[in-house]
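Here is the structure we will look at.
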Amino acid sequence: MPPLTLLCREQPGVTVIVVCGELDATNRAQFESFLGERPEPGRQVVLDLAQVPFMDSSGLHVLLAFSTDRLGRSGTVRLAGVQPLPARLLEITGVLTHVPVHDTVADAVAAARAAAERSG
């Protein structure tokens with residue numbers, strides 16, 4: 001299995017975090033640590049999951065904790081490009097009712113900016 005790769009791209013008003021690789025128990029700590037270092041409170045965040053073919057409950061737990069933390073700091077988390085297996089996990093666990101999901105990063109960034117404008 002290839003290693004997990006994480007990249008942070010700052011855009012005006014939005015932080016895009018690109019995730020590449022499987023999210024599971026073997027790299028949970030790496031994912032959690034990376035997210036914990038970014039971004040500042042109140043920031044809109046998009047997680048680009050287009051290159052995540054698999055996610056287990058460990059990855060889901062980190063994602064949910066990060067989303068909850070962002071909400072507590074006046075920010076939001078949006079998911080983009082979710083692949084079929086992770087999408088199924090999000091669906092059966094009910095996460096889709098709590099975390100916005102978009103087909104593309106561009107759609108998610110536009111929605112995040114619009115939400116920031118409404119609240120700001």
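Being a predicted model, the structure only gives us computed values, none of them experimental.
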> Going hydrophobic residue to hydrophobic residue with side-chain gaps under 4.5 angstrom, can you get from Val77 over to Leu96?
Replying inline: yes
> Is there side-chain contact between Val19 and Phe31, with at least one heavy-atom pair below 4.5 Å?
Replying inline: yes
> Looking at residues at least two apart in the chain, or sitting in another chain, which of them share a side-chain contact (heavy atoms from CB on, under 4.5 Å) with Ala29?
Replying inline: none
Name every donor-acceptor pair, under 3.5 Å, that has one atom in a side chain of residues 59-68 and the other anywhere in the protein, sequence neighbours excluded.
{"residue": "His61", "atom": "NE2", "partner": "Arg28", "partner atom": "NH2", "Å": "3.1"}
{"residue": "Thr68", "atom": "OG1", "partner": "Leu64", "partner atom": "O", "Å": "2.9"}

>> Let me confirm one number: the OG-CG distance from Ser57 to Asp24, rounded to the nearest 0.5 Å.
In response: 9.5 Å
> Got a sec, which residues hit side-chain contact (heavy atoms from CB on, under 4.5 Å) with Arg113, two or more places apart in sequence or on another chain?
Replying inline: Gln11, Pro12, Val14, Val109
> Which residue pairs pass the side chain to side chain donor-acceptor pair (under 3.5 Å) test when at least one of the two sits in residues 92-107, sequence neighbours left out?
Replying inline: Arg78-His102, Thr104-Asp107
> side-chain hydrogen bond (donor to acceptor under 3.5 Å, both in side chains) with Asp56: which residues, sequence neighbours excluded?
Replying inline: none
>> Could you tell me if the side chain of Val18 sits less than 4.5 Å from the side chain of Leu6, heavy atoms only?
In response: no
>> Would you compute the distance between atom OG of Ser58 and atom CD of Glu22 and round it to the nearest 0.5 angstrom?
In response: 12.5 Å
> So how far is it from Leu89 CG to Gln83 CD, rounded to the nearest 0.5 Å?
Replying inline: 14.0 Å
>> If hydrophobic clusters are built from ILVMFWY residues whose side chains come within less than 4.5 Å, do Leu35 and Val101 share one?
In response: yes
>> Please find the pair of heavy atoms, one from Ile17 and one from Cys8, that lie closest to each other, and give the distance.
In response: CG1-SG, 4.4 Å
> Applying the 4.5 Å side-chain criterion to the ILVMFWY set and letting contacts propagate, would Val16 and Val45 be lumped into a single cluster?
Replying inline: no
> Roughly how far apart are Glu10 CD and Thr15 OG1, rounded to 0.5 Å?
Replying inline: 3.5 Å
> Going by heavy atoms in the side chains, are Phe54 and Leu23 under 4.5 Å from each other?
Replying inline: no
> Quick one: do Met55 and Leu85 end up in the same hydrophobic cluster if we chain Ile, Leu, Val, Met, Phe, Trp and Tyr together by side-chain heavy atoms under 4.5 Å apart?
Replying inline: no
> Which pair of non-hydrogen atoms, one from Gly75 and one from Gln44, has the smallest distance, and what is that distance?
Replying inline: CA-NE2, 4.5 Å
Under 3.5 Å, sequence neighbours excluded: what are the donor-acceptor pairs made by side chains of residues 46-53?
{"residue": "Asp48", "atom": "OD1", "partner": "Ala50", "partner atom": "N", "Å": "3.1"}

